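Residue numbering restarts at 1 for every chain, and letters A, B, ... go by the order of the sequence lines. Just so it is clear, the structure is predicted and the values come from calculations on it, not from any experiment. Values reported hereafter were calculated over all heavy atoms of this structure, with side chains retained and with hydrogens, waters and symmetry mates removed.
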Amino acid sequence: MEDARAERGNFIWDFVQEDIDAGRTQQVHTRLPPEPNGWLHIGHAKNIYVNAGTAVRFGGLCNLRFDDTNPAKEEQEFVDGIMGDIRWLGYDWNGGLFFGSSYFDKCYELAEKLIRDGLAYVCDLSQEDLRRTRGTLTQPGQNSPYRDRSVEENLDLFRRMRAGEFPNGARVLRAKIDMASPNINMRDPALYRILHMPHHQTGDKWCIYPMYDFAHPIQDAIEGITHSMCSLEYEDHRPLYNWVVEVCEFPNHPRQIEYARLNLTRTIMSKRYLRRLVEEGRVSGWDDPRMPTLAGMRRRGYRPEGIRDFIERAGVAKADSVVDLALLEHCIRENLGEVAPRAMAVLRPLKVTITNWPEGKTDALPLENHPARPEMGTHEARFGRTLYIEQEDFMENPPGKFFRMKPGGEVRLKGAYIVRCDECVKDANGNVIEVRCTADLSSRSGSEGADRKVKGTLHWVNAADAAPFEARLYEPLLNDEEAIAEEVEGEEAVPDKKDFIARLNPDSLTVLTGCMAEPWLTEAKDGDVFQFLRLGYFCKDKDGFVFNRTVELKDSFKKAVK
RNA sequence: UGGGGUGUAGCCAAGCGGUAAGGCCCGGGACUUUGACUCCCGUAUUCGCAGGUUCGAGCCCUGCCACCCCAGCCA
């Protein structure tokens with residue numbers, strides 16, 4: 001069954017298979033081309049799945065190549081973080097680690113070749129003039145007055161661009177294609193721009209940098225990439241991609257294949273805005289548990305297997321889509337449910353006194369770490385006269401079908417005894433502060449009398465052993481479009497969604513204080529995840545615990561106790 | 001009113017001329033030492049719309065409609 005799912009293909013694999021069958025592809029070779037201008041988010045996980053995953057599927061190679069052709073936006077911090085995240089997700093770059101910037105010499109050389117071949121020219125038009133002469137969506141552009149410069153003049157100018165003789169923006173190297181092309185990307189696109197700025201890899205060696213459209217196909221071709229997967233917005237760039245590969249006369253011609261990027265409901269997936277959240281201090285960093293970054297999800301306790309499963313189940317296609325967050329949560333829950341040890345803790349303690357249990361006596365009870373996986377062993381819970389249960393697990397005047405603790409009712413305390421609630425004690429304000437119960441001593445779990453059925457089972461902790469803890473409950477970073485629309489600056493009738501201000505759910509962070517039964521929990525390592533029965537998952541984090549309320553109760557129960 | 005794409009259930013998504021896979025969500029039931037988990041069962045007479053071809057169309061043809069992307073010296 002696992003195999004059936006793993007074998008389920010996608011349209012990209014069909015293309016690759018066709019190329020293999022037709023003999024066009026010997027060994028599949030793909031690449032991951034992250035731009036080091038931010039940390040990876042869940043959307044990048046799809047790109048990794050598509051590219052690295054395709055290499056895995058066909059027993060091929062995958063390179064990691066940082067697409068760092070624009071020093072203005074890129075930083076070393078991000079290249080380190082990205083490598084860690086890719087590894088964490090479970091992928092690697094068996095084809096090698098590369099930097100786009102290490103091809104700057106080759107790009108330059110090819111640019112000169114294009115000039116000599118009459119396929120590129122130095123254009124002196126200002127940015128504004130260039131924009132104006134490019135034409136519009138419906139009108140063709142006009143040839144640049146510099147379009148027919150001689151090869152010698154172009155070469156001279158281009159070399160002087162490289163030598164740093166001109167200021168930023170003074171000139172640009174353009175491909176000589178067709179200003180009347182209906183595809184605007186083919187209207188003599190810029191190949192090189194002047195940018196006097198040090199680069200995190202090449203320092204101040206260069207003051208001209210190749211554009212993505214020029215550099216990317218060159219990098220792919222040089223590295224022997226057979227299939228280059230990218231998102232839909234590059235479809236219009238494919239003719240240019242092919243043009244570059246052809247005019248540079250590479251023997252290898254990679255095939256660019258586009259797919260729809262991942263969108264998730266209520267989730268901000270724009271690096272630009274995630275970056276803004278970090279820079280404005282609205283979150284603690286790229287790894288804030290509210291962020292949709294891989295680092296943030298890792299801190300929330302999401303496991304890479306769950307994320308991979310999600311990406312795979314969401315599918316790869318060309319239709320624009322927005323995947324329901326519920327699918328991600330389902331995959332995470334399913335994965336965590338399989339691997340997380342069970343543990344008991346109480347978030348909002350309510351004191352319970354077992355009146356027929358002697359003061360000072362404790363009973364050590366074995367609890368399974370995982371009900372479906374006995375090999376995970378057991379741990380010990382100590383039962384005593386004074387316990388804590390969840391405040392929400394007691395109701396003095398419950399509606400029907402309330403299976404938890406109520407006056408006169410019986411419930412089982414998980415792994416221990418069936419207890420009957422005799423009375424509750426209230427404070428001056430009428431709040432219930434203590435519940436007094438009688439235990440059925442013959443009903444100890446595992447004993448003869450234990451098979452008596454009661455409808456409800458509750459988790460609990462022994463007051464004497466309970467260790468207080470704090471956990472942060474985060475809701476994911478939500479992008480509530482209606483609420484956000486109110487915050488849009490300006491008064492545009494139809495604000496561009498790119499102008500929406502990312503904002504945090506005001507209730508997105510709550511600090512919970514509770515009691516945990518098992519001291520071993522506090523000794524857990526960072527990243528360890530535990531399922532707290534019925535409540536959700538805790539992940540040990542560098543700053544304490546992060547709590548995910550991923551277990552939802554059925555509506556039928558919610559209605560019953562409403 | 002240019003070009004490139006995409007439209008199959010509430011959300012994803014298979015389908016490649018032979019009579020609509022699967023997952024999530026939702027509903028019902030069984031089970032249950034947590035109402036979770038697990039497990040069954042159910043959920044598109046119909047594939048953006050309209051014609052046409054065919055014994056037969058989600059798949060082919062024609063026309064229309066809707067949505068997304070492109071006018072950075074970003075990627």
Side-chain angles (χ1 to χ4, degrees), chain A residues 4-5 8-10 14 33-35 37 67 69-70 72-73 123 125-127 130-132 134-141 168-174 181-187 189-195 208-209 211-213 215-216 230-239 258 260 265 271 310 313-331 333-334 337-338 367-368 371-372 390 393 401-404 411-416 418 443 445-446 450-451 453-459 531 533-536 551-558 560-561:
Chain A
R5 196 158 70 202
R8 192 186 60 197
N10 58 54
D14 292 343
E35 185 188 10
N37 66 343
D67 209 340
T69 51
N70 184 358
K73 299 171 21 182
C123 182
L125 250 25
S126 68
Q127 198 160 164
L130 204 150
R131 187 194 326 126
R132 197 170 55 247
R134 185 155 24 225
T136 68
L137 295 179
T138 53
Q139 293 174 308
N168 289 354
R171 283 176 230 264
V172 68
L173 181 73
R174 290 226 261 167
S181 172
N183 181 344
I184 293 179
N185 295 298
M186 298 299 269
R187 316 235 265 229
L191 264 25
Y192 259 96
R193 79 283 216 174
I194 300 171
L195 207 55
I208 57 172
Y209 293 95
M211 302 292 292
Y212 167 88
D213 282 321
H216 204 84
C230 59
S231 47
L232 250 26
E233 67 263 31
Y234 292 101
E235 275 182 314
D236 288 342
H237 295 248
R238 193 180 344 128
E258 310 84 8
T265 55
K271 229 194 259 184
F310 162 70
R313 291 214 228 178
V316 180
K318 292 193 73 166
D320 290 311
S321 61
V322 184
V323 179
D324 197 325
L325 201 52
L327 180 60
L328 203 215
E329 291 176 339
H330 169 85
C331 294
R333 223 169 17 234
E334 187 173 81
E338 285 170 13
L367 283 175
E368 303 169 293
E390 216 59 66
D393 283 344
K401 296 206 170 184
F402 182 79
F403 306 148
R404 304 184 197 173
V411 293
R412 174 173 289 283
L413 295 177
K414 171 77 176 176
I418 292 173
S443 66
S445 286
D451 55 350
K453 302 288 185 218
V454 290
K455 204 58 173 150
T457 301
L458 305 182
H459 54 273
Q531 184 187 113
L533 293 167
R534 202 189 65 225
L535 299 173
V551 175
E552 287 296 330
L553 293 174
K554 286 241 168 102
D555 284 345
S556 56
F557 171 74
K558 291 178 188 165
V561 299

Could you identify the nucleotide paired to [N], looking across every strand shown and requiring Watson-Crick or G-U wobble geometry with both distances under 3.5 Å?
N      : value
C26(B) : G42(B)
G7(B)  : C65(B)
A36(B) : none
G72(B) : none

Out of [options], which has the shortest distance to the side chain of [X]?
X         : options                : result
Met211(A) : G23(B), A71(B), G72(B) : G72(B)
Leu533(A) : U33(B), U34(B), C12(B) : U34(B)
Glu233(A) : G35(B), C69(B), C12(B) : C69(B)
Thr457(A) : A75(B), U33(B), U6(B)  : U33(B)
Lys453(A) : G3(B), G35(B), U32(B)  : U32(B)
Leu327(A) : U33(B), C24(B), G2(B)  : C24(B)
Leu137(A) : G23(B), C25(B), A71(B) : A71(B)
Arg134(A) : G72(B), U34(B), A14(B) : G72(B)
Asp14(A)  : G5(B), C12(B), C16(B)  : C16(B)
Lys318(A) : G5(B), U34(B), C12(B)  : G5(B)

Seminar exercise, completed: In short, Lys318(A) meets Leu232(A) closest at the heavy-atom pair O-CD2, 3.2 Å
Seminar exercise, completed: Closest non-hydrogen contact found for Thr69(A) with Tyr212(A) is OG1-N, 4.4 Å
Exercise. Which whole-number value in Å describes the distance from Asn185(A) CG to G5(B) P?
Worked result: 13 Å
Looking at every strand, decide which applies to [X] at a 4.0 Å heavy-atom threshold: base, sugar-phosphate, or nothing.
X         : value
Ser126(A) : base
Val316(A) : sugar-phosphate
Thr136(A) : base
Val322(A) : sugar-phosphate
Glu35(A)  : sugar-phosphate
Arg131(A) : sugar-phosphate
Ala450(A) : base
Leu367(A) : nothing

Check whether any side-chain heavy atom of [X] lies under 4.5 Å from a side-chain heavy atom of [Y], and answer yes or no.
X         : Y         : answer
His237(A) : His216(A) : no
Leu125(A) : Arg132(A) : no
Leu458(A) : Glu390(A) : no

Problem set entry | Comparing Asp451(A) and His330(A) on RNA chain B - which has the more 5′ nearest nucleotide | His330(A)
Exercise. Which sits closer to the 5' end of RNA chain B, Ala319(A) or Gly415(A), going by the nucleotide each is nearest to?
Worked result: Ala319(A)
May I ask you to verify whether the side chain of [X] and the base of [N] hold a donor-acceptor pair under 3.5 Å?
X         : N      : result
His237(A) : A75(B) : yes
Thr138(A) : U1(B)  : no
Asp236(A) : G3(B)  : yes

Establish, with yes or no, whether the OP1 or OP2 oxygen of [N] is under 4.0 angstrom from a side-chain nitrogen or oxygen of [X].
X         : N      : answer
Lys414(A) : U34(B) : yes
Thr69(A)  : C74(B) : no
Arg333(A) : C25(B) : yes
Arg313(A) : C25(B) : no

Problem set entry | Polar side-chain atom of Ser231(A) near backbone of Glu233(A) as donor-acceptor pair, under 3.5 Å | no
Exercise. Given the P atoms of G51(B) and C40(B), what is the spacing between them in whole Å?
Worked result: 43 Å
Problem set entry | P atoms of A21(B) and G15(B), separation to the nearest Å | 14 Å
Problem set entry | Test log, rule side-chain contact (heavy atoms from CB on, under 4.5 Å), inputs Leu327(A) and Phe310(A) | CA-CA 7 Å; Leu327(A) 180 60; Phe310(A) 162 70; 3.9 Å; yes
Exercise. Mind telling me whether G72(B) is syn or anti, cutoff 90° either side of 0?
Worked result: syn
